[in-house]
Amino acid sequence: MANWKELEKQFTARLTMGRRPVAISFLDTEPAGVPKFSGTEPAGCSFWRLAAAGRTFYTVPADHFNCAVGAYTHNVQLPPGRVQETETTLGMMFNLGYIRPEEVAGIPRLAKEPAAVVFAPLADAPVAPSVVLFTCKSSAAMLLNEASIRAGAASSLPLLGRPSCMALPAALANGTVTSLGCIGNRVYTNLGVDEMYVVVQGAKLESVSDQLSVIASANTALEDFARGKQAALSTV
């Protein structure tokens, strides 16, 4: 197993991030030795905030019932009494013009319902992460994107938007993705107005970290070059 503590240290040294990277693991069974989440949250992405703040825990499908959209992207099967919530929520979004009905089929989702989802700061990951979520500003997102391309870990997907939670299954299936987030997520996670997400496959994390070292050094050199050129040639 990779040294998650060292990997978080490497990413933190090379990127400017306001929050710790979050390891997210989709499991077929509930993990031993990991605290089970107790309480309620309004959405699955709320757990991102808790993990970034230092908590390690796992959820079960019932913990995701409060968010019909998040339940959809995580392939969580709502109980009969709550199935209508998905239709009601989507109907509201359709009426507001937030999303069109024909877009729903194209929203990425997990291939199957996980029995448990583990959330932890990367350094404290108790099991190998399926994906790792980075909350960062555009300059750090640029570096992660370039490192992922160099590592052969990037996806061909365009910049993602709503819903934010689709970035997790999208990255798991395709490779590194970048998401601007969505308004619900920004409320539930207190995401900064100048922050976005980059999600990297857990299996590719070490390769991306290795290439980030090259990319960070290259960008520093190219920034110096560009600033020198600007000083020498800009006349306005």
Side-chain angles (χ1 to χ4, degrees), residues 1-27 31 33-34 45 47-58 117-157 159-160 164 167-181 189-192 194-227:
M1 183 177 291
N3 186 332
W4 311 120
K5 190 178 297 292
E6 180 60 28
L7 280 171
E8 179 171 330
K9 181 179 179 181
Q10 292 173 7
F11 281 110
T12 300
R14 297 164 186 158
L15 300 172
T16 300
M17 297 183 290
R19 306 185 187 196
R20 297 178 68 181
V22 174
I24 303 172
S25 308
F26 302 110
L27 305 180
V34 180
C45 59
F47 301 123
W48 305 359
R49 182 192 76 247
L50 300 180
R55 292 182 57 181
T56 297
F57 58 93
Y58 76 90
V117 185
V118 177
F119 297 87
L122 176 58
D124 303 330
V127 295
S130 302
V131 295
V132 176
L133 175 81
F134 293 87
T135 303
C136 51
K137 296 184 179 181
S138 57
S139 55
M142 174 192 73
L143 295 176
L144 279 170
N145 177 67
E146 292 176 359
S148 294
I149 293 172
R150 184 176 172 85
S155 74
S156 59
L157 294 177
L159 185 66
L160 301 181
S164 301
L168 306 186
L172 184 61
N174 300 282
T176 299
V177 298
T178 301
S179 170
L180 293 176
T189 66
N190 296 320
L191 187 70
D194 56 351
E195 292 180 314
M196 63 179 68
Y197 298 111
V198 176
V199 186
V200 180
Q201 284 181 345
K204 298 288 188 179
L205 195 65
E206 287 185 277
S207 297
V208 173
S209 179
D210 289 342
Q211 298 308 321
L212 182 59
S213 176
V214 178
I215 289 297
S217 296
N219 271 267
T220 297
L222 287 170
E223 179 180 6
D224 291 342
F225 171 77
R227 290 191 183 282

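No hydrogens, no waters, no symmetry mates; every other heavy atom, side chains included, goes into these values. Small disclaimer: the values here were computed from a predicted structure and weren't measured.
A pairwise comparison of heavy atoms in Q201 and A173 identifies NE2-C, 4.2 Å as the closest pair. The shortest heavy-atom contact between P21 and E8 is CG-CG, 3.9 Å. The shortest non-hydrogen separation linking A51 to P121 is O-CG, 3.2 Å. Closest approach of P129 to S25, counting heavy atoms only: CA-OG, 3.2 Å. Considering all non-hydrogen atoms of both residues, F26 and V131 come closest at CE1-CG2, 4.5 Å. Shown here for W4 and A128, the closest heavy-atom pair between the two residues is CZ2-CA, 3.7 Å.
Counting only heavy atoms from C-beta outward, the side chains of V118 and L27 approach each other to under 4.5 Å.
With sequence neighbours left out, the side chain to side chain contact (heavy atoms under 4.5 Å, CB included) criterion links L180 to L159, M196. Every residue two or more places apart in sequence or in another chain that forms a side chain to side chain donor-acceptor pair (under 3.5 Å) with E146 is listed here: N219. Partners of K9 under the salt bridge (Lys or Arg N to Asp or Glu O under 4.0 Å) rule, at least two apart in sequence or in another chain, do not exist in this structure. Considering only residues two or more places apart in sequence or on other chains, K5 meets the side chain to side chain contact (heavy atoms under 4.5 Å, CB included) condition with N3, A123, D124. By the side chain to side chain donor-acceptor pair (under 3.5 Å) test, T135 is found to be paired with no residue, residues two or more places apart in sequence or in another chain being considered. With sequence neighbours left out, A167 forms a side chain to side chain contact (heavy atoms under 4.5 Å, CB included) with L160, V177, S179, V199. Legend: residues meeting salt bridge (Lys or Arg N to Asp or Glu O under 4.0 Å) with D194, ordered by chain and number and at least two apart, are K137. Residues meeting the side chain to side chain contact (heavy atoms under 4.5 Å, CB included) test with A151, sequence neighbours left out: A153, S207, V208, Q211. For Y197, the side chain to side chain donor-acceptor pair (under 3.5 Å) partners are N185, T189, not counting sequence neighbours. Residues satisfying the side chain to side chain donor-acceptor pair (under 3.5 Å) test with T178, not counting sequence neighbours, are none. When the ring-ring contact (aromatic ring centres under 6.0 Å, His included) test is applied to F57, the partners found at least two apart in sequence or on another chain are F37, F47, F119.
Distance check: F11 CZ to L144 CG gives 6.5 Å after rounding to the nearest 0.5 Å. The distance from atom CG of L168 to atom CH2 of W48, rounded to the nearest 0.5 Å, is 4.5 Å. From E206, atom CD reaches atom CG of L7 across 5.5 Å, with rounding to the nearest 0.5 Å. To the nearest 0.5 Å, the span separating CG on L191 from OG on S164 amounts to 7.5 Å. Note that CG of L15 and CG of L212 are 5.0 Å apart. Values are rounded to the nearest 0.5 Å.
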Show the numbers, then the answer: is there a side chain to side chain contact (heavy atoms under 4.5 Å, CB included) between R20 and L122?
CA-CA 7 Å; R20 297 178 68 181; L122 176 58; over 6 Å; no
Verdict with supporting geometry, V198 and C136, side chain to side chain contact (heavy atoms under 4.5 Å, CB included):
CA-CA 8 Å; V198 176; C136 51; 4.0 Å; yes
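Sorted by first and then second residue, the salt bridge (Lys or Arg N to Asp or Glu O under 4.0 Å) pairs with a member in residues 210-221 form an empty list; sequence neighbours excluded.
Remark: side-chain polar atoms of S155 are paired, donor with acceptor, to backbone N or O of T176 under 3.5 angstrom. A donor-acceptor pair under 3.5 Å is formed between the side chain of R14 and the backbone N or O of S209.
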